[in-house]
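Working notes, beginning with the structure itself.
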Amino acid sequence: MAQIIGWLGGGGMIAFVLLLAVRCLALLGWMPVRLPEWRMFHREDPLPRPACFSRREYIAAFFAMLAVQWAVLFFAWLTLNQSGGAEAFLAHFWQRFTQAGDSPHYLFIAQNGYLPQGEDAKWIVFYPLYPLCIRLVSLFTGGDFALAGLLVSQLCWGGCGVVALSLAGRWLPRVQAVWAVAFLAVYPFSFFSMGIYTESLFLLLCLCCMRMALTGHWGWAGLLGGLAALCRTQGMVLLLPVLWLWLRARQSGRQGLKSFGLLLIPAGWGGYLLCNRLVFGDWFAFLEFQAAPPWYQTTRWISENLTQHWNLALQYPGLAGFIYWPQILLYFAVLGLLAWGLFAGVRTEWLIWGGAYLGMTYLAGWMISGPRYLFACLPAFFLMARIRVLWLRVALCVISGMALCAYAALYLQGQAIM
């Protein structure tokens with residue numbers, strides 16, 4: 001069964017990429033042969049008239065994103081039959097969201113930078129932008145780095161609600177744009193947005209990058225995409241949908257479009273490589289640390305990784321429900337959404353962005369944080385919002401919200417959700 005799962009996952013990605021490539025060539029008019037008049041090759045959803053949201057609605061989106069997470073976490077804490085009221089909840093929240101998982105590593109980098117030797121040299125595997133933001137904000141928190149980290153994450157999370165609403169309003173009708181933000185808010189692992197993790201900052205940069213690209217601000221899109229690449233490897237993925245939007249803009253007759261700004265996206269990743277060079281004298285020093293304990297991460301094809309996830313789920317049933325089964329389920333769920341979008345003629349930039357992000361994420365061997373990483377596969381939320389059957393949208397939102405409550409409770413309980 002494990003081999004079948006792997007074959008389906010890897011083969012499905014190859015088939016999706018090939019069909020998407022044909023569609024891109026057809027829409028650009030670069031196909032040397034005539035294709036069948038199928039929707040997936042020749043037609044995509046037209047851009048609607050931009051939805052108009054008021055300043056009050058944007059402010060509401062900012063606070064709603066934070067309110068959903070705080071309400072879910074407090075409810076999850078109550079299910080643990082804890083005592084002590086709000087003060088005890090806040091103390092438990094502080095402990096879990098500043099001291100568990102990767103949080104201490106980001107705080108260490110924020111305080112000490114990268115070290116060239118010793119046990120702490122391995123933290124070079126974490127990208128520098130988020131720790132740098134923590135260090136800057138700590139100037140306003142009296143040197144309290146943990147508080148600064150929480151502020152960065154939660155302010156960025158609220159900002160995600162604002163920019164996601166604005167971006168979705170450029171792609172979708174008004175009501176569906178609100179649904180897209182709702183799906184983002186109740187993603188089953190979105191509680192990581194509240195702690196000292198890169199998720200909120202990375203999501204905000206990705207959303208801002210695409211918002212700038214969609215309105216033709218290529219320099220700003222490149223800068224924001226470069227900052228995303230300085231935050232996480234997957235930020236490099238933004239180059240593909242931004243380049244696609246640039247090509248379509250040229251095709252529409254807007255001549256003289258400057259493309260130099262797009263080079264800032266790979267330059268952001270180059271900034272991380274420069275950190276490696278300055279600290280260790282090796283542009284790719286992080287690869288050695290990634291492959292060593294406790295990560296064991298190397299690049300392998302998707303089929304091999306999915307097969308491994310299946311086998312590890314059977315080998316470690318205690319971790320399967322937190323790590324391995326969600327990684328497998330979410331991979332096929334997102335791939336299925338993307339395939340449906342291809343045949344339904346949705347916006348091509350969604351498919352390029354989502355497919356590239358999904359593929360890059362699942363090329364990592366020994367992955368244990370797949371559900372958290374897929375939090376940033378933002379096209380999935382736009383795709384779900386596009387579903388025209390209301391009861392299905394409601395059902396998906398409710399199921400996702402229930403899963404969010406369940407995983408938040410398990411995380412507060414101290415389970416190995418990473």
Between L238 and L205, is the side chain to side chain contact (heavy atoms under 4.5 Å, CB included) condition met? List the steps. CA-CA 10 Å; L238 290 167; L205 290 170; over 6 Å; no
When you look at Y106 and V152, which way does the side chain to side chain contact (heavy atoms under 4.5 Å, CB included) test go after all the steps? CA-CA 12 Å; Y106 288 116; V152 170; over 6 Å; no
Side chain to side chain contact (heavy atoms under 4.5 Å, CB included) evaluation trace for T233 with Y272: CA-CA 9 Å; T233 309; Y272 171 62; 5.9 Å; no
What's the verdict on side chain to side chain contact (heavy atoms under 4.5 Å, CB included) for L28 and R248, showing C-alpha distance, side-chain angles and the deciding distance? CA-CA 7 Å; L28 291 172; R248 292 289 275 176; 4.1 Å; yes
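Side chains of T215 and R170 form a contact here, defined as non-hydrogen atoms less than 4.5 Å apart. P266 places a side-chain heavy atom less than 4.5 Å from the side chain of M236. Residues F192 and W157 have side chains not in contact (no heavy-atom distance under 4.5 Å, counting atoms from C-beta outward). Residues C24 and W30 fail the side-chain proximity criterion, which asks for heavy atoms closer than 4.5 Å. Between L374 and Y187 there is a side-chain heavy-atom pair separated by less than 4.5 Å. Side-chain contact check for Y127 versus C231: every heavy-atom pair is 4.5 Å or farther apart. Contact annotation: the side chain of I196 never approaches that of F145 to less than 4.5 Å [non-hydrogen atoms, C-beta and beyond]. The shortest side-chain heavy-atom distance between N276 and F286 falls under the 4.5 Å cut-off.
Annotation: salt bridge (charged side-chain N to carboxylate O under 4.0 Å, His left out) contacts of R174 (sequence neighbours excluded): E57. For R232, the salt bridge (charged side-chain N to carboxylate O under 4.0 Å, His left out) partners two or more places apart in sequence, or in a different chain, are E199. Every ring pair (Phe, Tyr, Trp, His ring centres under 6.0 Å) that W171 has, sequence neighbours left out, goes to W350, F382. For the side chain to side chain donor-acceptor pair (under 3.5 Å) test, no residue two or more places apart in sequence or in another chain qualifies with R393. Residues satisfying the side chain to side chain donor-acceptor pair (under 3.5 Å) test with R277, not counting sequence neighbours, are none. Looking at residues two or more places apart in sequence or on another chain, you find no side chain to side chain donor-acceptor pair (under 3.5 Å) involving N311. Qualifying ring pair (Phe, Tyr, Trp, His ring centres under 6.0 Å) partners for W325, counting only residues two or more places apart in sequence or in other chains: W310. For W70, the ring pair (Phe, Tyr, Trp, His ring centres under 6.0 Å) test picks out F93, with sequence neighbours left out.
Annotation for F75: atom CZ does not count as buried by contact number, only 12 or fewer foreign heavy atoms lying within 6.0 Å. The number of heavy atoms from other shown groups lying within 6.0 Å of NE2 (H92) is above 12. For CD of Q117, the number of neighbouring non-hydrogen atoms (other residues, nucleotides, ligands) closer than 6.0 Å is 12 at most. Heavy-atom contacts from other residues, nucleotides or ligands closer than 6.0 Å to OH of Y316 number 12 or fewer. Residue W340 qualifies as enclosed at atom CH2: its count of foreign heavy atoms under 6.0 Å is above 12.
Panel note: side chain Y331, backbone G9; a donor-acceptor pair is recorded below 3.5 Å. Side chain of S200 to main chain of S193: a donor-acceptor pair is present (N/O by atom type, distance under 3.5 Å, no hydrogens or angles).
Once rounded to the nearest 0.5 Å, the distance linking CH2 of W123 with CZ of F289 reads 11.0 Å. Of the inter-residue distances, the one linking H309 atom NE2 with I302 atom CD1 reads 10.0 Å to the nearest 0.5 angstrom. Between the CG atom in L132 and the CG atom in L230 there is a gap of 8.0 Å [rounded to 0.5 Å]. How far CD1 of I14 is from CG of L19: 12.0 Å, rounded to the nearest 0.5 Å.
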Residues 410-418, side-chain donor-acceptor partners within the protein, below 3.5 Å, at least two apart:
{"unit_1": "Y411", "atom_1": "OH", "unit_2": "R96", "atom_2": "O", "d": "3.1"}
{"unit_1": "Q413", "atom_1": "OE1", "unit_2": "Q415", "atom_2": "NE2", "d": "2.9"}

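Residue pairs meeting the salt bridge (Lys or Arg N to Asp or Glu O under 4.0 Å) criterion with at least one member in residues 303-328, sequence neighbours excluded, are R300-E304. Among pairs with a residue in residues 283-296, none fulfils side-chain hydrogen bond (donor to acceptor under 3.5 Å, both in side chains), at least two apart in sequence or across chains. For residues 328-349, the set of pairs meeting the salt bridge (Lys or Arg N to Asp or Glu O under 4.0 Å) definition, not counting sequence neighbours, comprises E44-R347, R347-E349.
The two residues T98 and A146 make their nearest non-hydrogen contact at CG2-CB, 4.2 Å. Across all non-hydrogen atoms, the minimal contact from G321 to P326 is O-CG, 3.3 Å. In terms of heavy-atom proximity, Q297 sits nearest to A364 at OE1-CB, 4.0 Å. Residues I265 and G235 approach most closely at CG2-O, 4.0 Å, considering heavy atoms.
Ring geometry for F381 versus F375: interplanar angle over 60°, hence perpendicular rather than tilted (30 to 60°).
Aromatic rings from F89 and F74 are positioned such that their centres are separated by under 6.0 Å. Proximity of the aromatic rings of Y197 and F189 is defined here by a centroid distance below 6.0 angstrom, and this criterion is not met.
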